Amino acid sequence: MSPLLTPARTRGFLRATAAAVALSSVLLTAACGASDDGDRDAKATAAAPAGFPVTIDNCGVRTTYDAPPSRVVTIHQHPAELMLALGLGDRMVGTAFPDSAVLPELKKDYEAIPELAEREPSFEKILDAEPDFVYGGYGSAFAEKEGRSRKAFADAGIDTYLNREYCGKGQVTMKDTYDEIRTIGKIFGVPDRADKLVTDLRSRVAKAAAEVEGEHEVPVFVYDSGDKSAFTAGGKGLGTELIRLADGKNVFADLDDVFGDVSWEQVVERRPEVIAIYDYAGAGSVQEKKKYLLSQPALADVPAVRNKRFVVLPLTATLVGIRSAYAVDDLARGLHPESFR
């Protein structure tokens, strides 16, 4: 079966339960009396970074950071781009699983970081990079059956963080994107950079939304991959929110998951006027996907197919990360081109 006809990755939720994070304690021996103890305590206090310690609750895992992480491995592209957008490239010792071309302004910095694997690296490969923090984009970053559970990392003395889209807390919105950026900014001691980035992204979204205000709501079908069934974006993922902000409606917003399979009969019944094609490595090219959709007799009367109305989005742009604001603009232009003439 060709890559086009098979979803290239599992994006199911990580159903993490609360796990105790082992924290090592610094033992001070009282060799020189109470006066020396006081000096050591004063020096320790002076050395503590401003704003720390920081305690973060993430997908059921509670972690206290006494200082910003200094050696970071990111698994999947959107966490890597978020880190780079916050100016944290000097903390990164490894990336993995690139989905698509990196944003031009981040390309040079991204390529300077070692790529550990084309997909999710093994637990051992990650340990070889000697990280103190692993940041995962999809739930599969911490797949227990592959030996990469968050507990396994904690037992190795390595902190972890999972993109909040995979915490399974219901509909994901742009607020989650902004909260994700601010949380990472807090963990790394750069809250001002995070606030500035959020302001910039909010402005980008507001500008795109203003261009299409008052337009009719366009029915949109997201085509990720699949042949016998269609792998599409469900109501819990950020994709649904991005379509809404662009004055559209995800025809499978009622699918109670981030991604899931639907039948082609359902696609026909819901009569989308535009098809948003998700573009990423390992799932067939955009041209292959368009050719497949246009060649299916059962889809011939679907308005989007009949009128050849497609919008192409890098998968990375549809996730909780810095590119989601860019996706709103791309979608708005694709759904309402008349508003941008």
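Treat the numbers as computed from the prediction; the structure is a model and nothing was measured. Every heavy atom of this structure was used, including side-chain atoms; hydrogens, water molecules and symmetry mates were not.
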| task | Enter the distance from Leu162:CG to Ile75:CD1 here, rounded to the nearest 0.5 Å. | result | 10.0 Å
| query | Is there a donor-acceptor pair under 3.5 Å between the side chain of Arg91 and the backbone N or O of Pro69? | reply | yes
| query | Can you tell me if Asn58 and Thr63 form a side-chain donor-acceptor pair at under 3.5 Å? | reply | no
| With ring centroids as reference points, do Phe259 and Phe231 lie under 6.0 angstrom apart? | yes
| Rounded distance [0.5 Å steps], CZ in Phe221 versus CD1 in Ile243 | 10.5 Å
| request: Decide whether Tyr138 and Asp99 meet the rule of one side-chain donor and one side-chain acceptor closer than 3.5 Å. | output: yes
| field | Under 3.5 Å side-chain donor-acceptor pair for Ser339 and Glu211 | value | no
| field | Check against side chain to side chain contact (heavy atoms under 4.5 Å, CB included), Val198 and Arg182 | value | CA-CA 8 Å; Val198 167; Arg182 288 194 170 108; 3.5 Å; yes
| task | List the atom of Pro191, the atom of Gly189, and the distance in Å for their closest heavy-atom pair. | result | CD-C, 3.2 Å
| query | Hey, is NZ on Lys186 packed in by over 12 heavy atoms from elsewhere, all under 6.0 Å? | reply | no
| Qualifying residue for side-chain hydrogen bond (donor to acceptor under 3.5 Å, both in side chains) with Tyr280, from Thr318, Asp224, Thr316 | Asp224
| Should we say atom CG of Asp301 is surrounded by more than 12 heavy atoms from elsewhere, each under 6.0 Å from it? | no
| said: Measuring only between side-chain heavy atoms, which start at C-beta, is Phe123 closer than 4.5 Å to Phe153? | reply: yes
| request: Give a yes or no on whether a salt bridge exists between Arg164 and Glu180, defined as a side-chain N under 4.0 angstrom from a carboxylate O. | output: yes
| field | Same apolar cluster: Val267 and Leu294, side chain cutoff 4.5 Å | value | yes
| query | Hey, does the side chain of Arg71 reach the backbone of Ala129 with a donor-acceptor pair shorter than 3.5 angstrom? | reply | yes
| said: Looking at every non-hydrogen atom in both residues, tell me the closest pair between Gly94 and Ile113 and how far apart they are. | reply: N-CG2, 3.6 Å
| said: Below 30° counts as parallel, above 60° as perpendicular, anything between as tilted: where do the rings of Tyr223 and Trp264 land? | reply: tilted
| task | Examine distances only and state if a side-chain atom of Glu81 and a backbone atom of Leu103 form a donor-acceptor pair shorter than 3.5 Å. | result | yes
| query | Can Lys196 and Asp192 be counted as an ion pair, charged N to O under 4.0 angstrom? | reply | no
| request: Using a strict cut-off of less than 4.0 Å between a Lys/Arg side-chain nitrogen and an Asp/Glu carboxylate oxygen, indicate whether Asp257 and Lys236 qualify as a salt bridge. | output: no
| said: I'd like to check Asn163 versus His78 (side-chain heavy atoms, cut-off strictly below 4.5 Å). Are they in contact? | reply: yes
| task | Output the distance between atom CG (Leu201) and atom OG (Ser203), rounded to the nearest 0.5 Å. | result | 9.5 Å
| said: Which heavy atom of Ala194 sits nearest to which heavy atom of Gly185, and what is that distance? | reply: CB-CA, 4.0 Å
| Side-chain touch Phe142/Ser149, heavy atoms, less than 4.5 angstrom | no
| Given side chains that start at C-beta, do those of Asn307 and Val274 come closer than 4.5 Å, heavy atoms only? | no
| task | Report the C-alpha separation of Val172 and Val320 in whole Å, then their side-chain angles, then the decisive distance to 0.1 Å, and conclude whether the side chain to side chain contact (heavy atoms under 4.5 Å, CB included) test is met. | result | CA-CA 8 Å; Val172 178; Val320 170; 3.6 Å; yes
| Is it true that Asp329 and Arg333 have a side-chain N and a carboxylate O under 4.0 angstrom from each other? | yes
| query | Below 4.5 Å, heavy atoms only, C-beta onward: do Glu115 and Pro98 meet side chain to side chain? | reply | yes
| said: Assess, by modelled atom type and distance only, whether the side chains of Thr55 and Thr64 contain a donor and an acceptor separated by less than 3.5 Å. | reply: yes
| query | Does any N or O in the side chain of Asp247 come within less than 3.5 Å of the main-chain N or O of Ala332, such that one atom is a donor and the other an acceptor? | reply | no
| field | Check against side chain to side chain contact (heavy atoms under 4.5 Å, CB included), Val93 and Val73 | value | CA-CA 6 Å; Val93 296; Val73 166; 3.9 Å; yes
| request: Determine yes or no for a side-chain-to-main-chain donor-acceptor pair under 3.5 angstrom, with Thr199 supplying the side chain and Asp195 the backbone. | output: yes
| said: Check for me whether Arg204 meets the cation-pi criterion with Tyr326, that is, NZ or CZ under 6.0 Å from the six-membered ring centre and within 45 degrees of the ring axis. | reply: yes
| Side chain of Glu120, backbone of Ala141: donor and acceptor closer than 3.5 Å? | no
| said: Can a donor-acceptor pair be found, under 3.5 Å and without considering hydrogens, that links the side chain of Glu146 to the backbone of Ala143? | reply: no
| query | Salt bridge check: are Glu288 and Lys291 linked by an N-O gap of less than 4.0 Å? | reply | no
| query | What pair of heavy atoms forms the shortest contact from Ala80 to Thr95, and how long is it? | reply | CB-CG2, 4.2 Å
| query | Nearest heavy-atom pair of Ala246 and His336: which atoms, and what distance? | reply | O-CD2, 3.3 Å
| Any donor-acceptor N/O pair, Lys289 side chain to Tyr278 backbone, under 3.5 Å | yes
| query | Which pair of heavy atoms, one from Leu116 and one from Lys125, lies closest together, and at what distance? | reply | O-CE, 3.4 Å
| message | Would you compute the distance between atom CD1 of Ile56 and atom OH of Tyr65 and round it to the nearest 0.5 angstrom? | response | 7.0 Å
| Can you tell if the side chain of Tyr161 reaches within under 4.5 Å of the side chain of Thr183, non-hydrogen atoms only? | yes
| field | Between CD on residue Glu265 and CZ on residue Arg270, distance to nearest 0.5 Å | value | 12.5 Å
| task | Compute the centroid of each ring, for Phe133 and then for Phe188, and state whether the two points are separated by less than 6.0 Å. | result | yes
| task | Evaluate the salt bridge (charged side-chain N to carboxylate O under 4.0 Å, His left out) criterion for residues Arg148 and Glu144: first the C-alpha distance (whole Å), next the side-chain angles of each, then the deciding distance (0.1 Å), finally the verdict. | result | CA-CA 5 Å; Arg148 291 191 307 272; Glu144 184 173 356; over 6 Å; no
| task | Carefully, step by step, assess Ile277 and Leu313 under the rule side chain to side chain contact (heavy atoms under 4.5 Å, CB included). | result | CA-CA 6 Å; Ile277 295 177; Leu313 296 173; over 6 Å; no
| task | Give, for atom SG of Cys59 and atom CD of Glu165, the distance between the pair rounded to the nearest 0.5 Å. | result | 11.0 Å
| query | Where the side chain of Arg323 meets the backbone of Leu315, is there a donor-acceptor pair that is under 3.5 Å apart? | reply | no
| request: Please confirm whether the backbone N or O of Ser100 pairs with a side-chain atom of Gln77, one donor and one acceptor, at under 3.5 Å? | output: yes
| task | State, yes or no, whether a side-chain contact exists between Leu82 and Leu86 at a heavy-atom distance under 4.5 Å. | result | yes
| said: With heavy-atom distances below 4.5 Å as the criterion, would you say the side chains of Val212 and Leu245 are in contact? | reply: no
| query | Is the CD atom of Glu105 crowded by more than 12 outside heavy atoms at less than 6.0 Å? | reply | yes
